[in-house]
Amino acid sequence: MKALPTATPRESWAVVRELLRPRRRQAAIALGVLVAAAALGLAGPLLLGEIVDRVDEQRSITGPALALVGVAIGEALLFAVGLILISNLGQPVLAALRERVVARALKLPAEQVERGGRGDLLSRLGDDIAVLSEAVVEAVPPLAAASLTLGLTFVGLATIDPRLTLAALLVVPVQVWAVRWYAKRAGPAYADERRVSGERAQAILDVVGGARTIRALGLQPTALPRVEARSLSSVAAVVRTIRISTHFSSRLNAAEFVGTASTLVAGYFLVKADSISVGAATAAALLFIRTFDQFNIVLGTIDEANRALAALARLVGVLQVPEPPPAEPHPGAHVALDGIRHAYDGGPTVLHDVDLHIAAGERVAVVGVSGSGKTTLAKVVARFHTPTDGTVDVGQVALVTQEVHVFAGTLADDLRLAKPDATDEQLQRALDAVDAGWARLDAVVGHGGVELTPAQAQQLALARLHLADPRIAVLDEATAEAGSAGARVLERAADTVLRGRTALVVAHRLTQAARADRIIVMDAGRIVESGTHAELVAAEGAYAALWHAYTADRA
Ligand SMILES: Nc1ncnc2c1ncn2[C@@H]1O[C@H](COP(=O)(O)OP(=O)(O)OP(=O)(O)O)[C@@H](O)[C@H]1O
Ligand SMILES: [Mg+2]
């Protein structure tokens, strides 16, 4: 199973930069406010140092004390404004990213989604976006503020005495060591955690989606341990990331010790040599110790930031799936398939040398035993699959399959998916066309609403087709699910809806096939017979055999 791609950090940043571009001014203002706040923050320790000197010299400390209060208030206000500005900036950027990824996901080739696993895509669109939107509010603003303060602190130390900066900078190699140790392990560990969580989602989806099959075949003993195994490896992946960040903090403590010790020792010697006052040395020590807070903020957010970067890489990865070449639809209503060969993702060939031409307005029925390739052919005609070989020349086409999705909402909402500007009268006419006397436009359907029978869901799908009004319609198994009374209703509905359209209908009831203009018979991925009902019955081939068996059954 080949997963969807994951972007490199560089590619991720390129996308973020691009999304930020239209908001450049906003970003510059936010950054400016944060820089001002961080600069004001330096004044606190410096004023405290001034107070120490004044106490030492027995002068009044009212001035610097008042200034200290003012600086504290100003700093707090500026930071608050800066943080709000940054997170206000993040939200629309994230919204734009989400919009892009969802739009791209909707256009992903069906093969790709099946191959990569729907769970993977869902976890990207769900979990990863949630991780990012949390980070945009909770990690990015404090991270930005703390990094700025850290940088400016070393500038502040230099204004007291550049040698203090040098002493304090001894912290850097130890921190670099700690961070490099962490970075080497954290990136892969978090990527792994996200990937394993995607696999767990897929395992759960498989079990929930296939619940009936699993129960029917008594597969619980193998299915549940699989979910359990995936869940356990997901837990193990989380534990790995936690262990890594714990080791990281102990390395950072070592860095703090080295930095504080060297700043204090340097301050001691500078005071002794009369290069700086005791107050200045105090200010330097305070400034430096303040960096611990900032570093702790970075530390507290770095996990989240890392997780967010991994999520970002996965979202940008969705954008990187190459767009399938647009198979140019034309305004015509004919279908022309030539030399079609298809294999699912490297599997065996399931369509061989299929040529199929359907004239505008013609209705073709496809029959054949299970596994002969009917659905595959229908999906190729509907452009749902791009065939491995051959040319597809099909105009505006719509597909109705057995896997009908009823979207949650009112029935009117559901129908309007096919034609957003449809009036209520048009919706009602579409329902009438498919004989859906039971349907009320304002009824709530789908999750939490009225449960529709498979036949009713099929009727809705046909009504949507009617509204979408494509020139070419492909129906697969539209009548297979219903009992025979339901099947007759659906057949009638299909007849009405297909009127005036070019149609390819996978027919499971041969009475439906018999009414088509032409019937093609598939066997093992090839079209083995083609002709009208009368012709094929007379030919006494595969279709005739099917027909005799079918009518004998009914007799
Ligand atoms: N998504 C898929 N991935 C891999 N193989 C597939 C996939 N879908 C179908 N196949 C294989 O392709 C072949 C043709 O299947 P297809 O579903 O087109 O047959 P069908 O005629 O529609 O059968 P049925 O009457 O049961 O619906 C089968 O061998 C099937 O196992
Ligand atoms: Mg099928």
Side-chain angles (χ1 to χ4, degrees), residues 1-4 108-121 202 205-206 209-210 212-213 216-217 324 335 337 340-356 364-390 392 394 397-405 454-455 457-458 461-462 473-482 487 490-491 494 503-513 516 518-530 536 541-543 545-547 549-550 553:
M1 192 163 76
K2 200 176 105 198
L4 292 164
L108 283 183
E111 288 96 339
Q112 179 95 35
V113 175
E114 274 165 28
R115 208 185 305 145
R118 275 187 310 152
D120 185 20
L121 184 60
Q202 178 67 46
L205 266 188
D206 286 349
R212 267 193 293 179
T213 315
L217 299 180
V335 169
L337 302 191
I340 299 297
R341 187 177 76 80
H342 189 64
Y344 286 97
D345 194 30
T349 301
V350 296
L351 286 183
H352 304 263
D353 304 321
V354 170
D355 297 317
L356 175 64
V364 172
V366 186
V367 301
V369 297
S370 181
S372 55
K374 304 182 295 294
T375 296
T376 309
L377 178 65
K379 288 188 169 171
V380 166
V381 170
R383 294 179 188 289
F384 193 82
H385 289 322
T386 310
T388 314
D389 274 320
V392 178
V394 179
V397 62
L399 169 71
V400 174
T401 69
Q402 196 175 39
E403 309 122 38
V404 181
H405 190 70
Q458 283 288 343
L462 289 171
V474 177
L475 260 53
D476 185 15
E477 314 190 284
T479 61
E481 269 269 322
L490 286 177
E491 267 182 50
L504 182 78
V505 179
V506 176
H508 282 255
R509 292 161 52 86
L510 290 188
T511 48
Q512 194 182 16
R518 179 153 56 106
I519 299 166
I520 61 175
V521 182
M522 299 214 49
D523 185 31
R526 295 174 199 277
I527 298 179
V528 292
E529 284 180 25
S530 167
L536 293 185
Y543 180 78
L546 284 172
W547 177 252
Y550 184 77
D553 253 10

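All ligand and atom numbering here is 1-based and tracks the order in the structure.
The only option from Leu536, Val528, Val367, Leu356 that meets the side-chain contact (heavy atoms from CB on, under 4.5 Å) definition with Ile520 turns out to be Leu356.
Taking any N or O of Gly373, backbone or side chain, at least one lies under 3.5 Å from an N or O belonging to ligand 1. Remark: ligand 1 and Gly368 share no N or O pair separated by less than 3.5 Å (distance only, no angle test).
Using a 4.5 Å heavy-atom threshold, the side chains of Val400 and Val474 count as separate. Side-chain contact between Ile527 and Val366 is absent, with no heavy-atom pair separated by less than 4.5 Å.
Applying the side-chain hydrogen bond (donor to acceptor under 3.5 Å, both in side chains) criterion to Asp389, with sequence neighbours excluded, gives Arg341. Taking the salt bridge (charged side-chain N to carboxylate O under 4.0 Å, His left out) definition, one finds that Asp355 meets it with nothing, sequence neighbours left out.
Contact detail for Pro387 and His342: the closest heavy-atom pair is CA-ND1, 3.3 Å.
If you check each of Pro348, Gly525, Gly371 against atom 23 (O) of ligand 1, the one with the closest non-hydrogen atom is Gly371.
Taking a cut-off of under 4.0 Å to the non-hydrogen atoms of Thr376, the atoms of ligand 1 that pass are 14 (C), 15 (O), 16 (P), 18 (O). Less than 4.0 angstrom separates some heavy atom of Val350 from each of these atoms of ligand 1: 11 (C), 12 (O), 13 (C).
Within the 2.8 Å limit, Thr375 places at least one N, O or S atom next to the Mg ion (ligand 2).
Of all the heavy atoms of Thr375, the ones lying under 4.0 Å from any atom of ligand 1 are found in both the backbone and the side chain.
The shell of residues lying under 4.0 angstrom from ligand 1, judged by heavy atoms, includes Val369.
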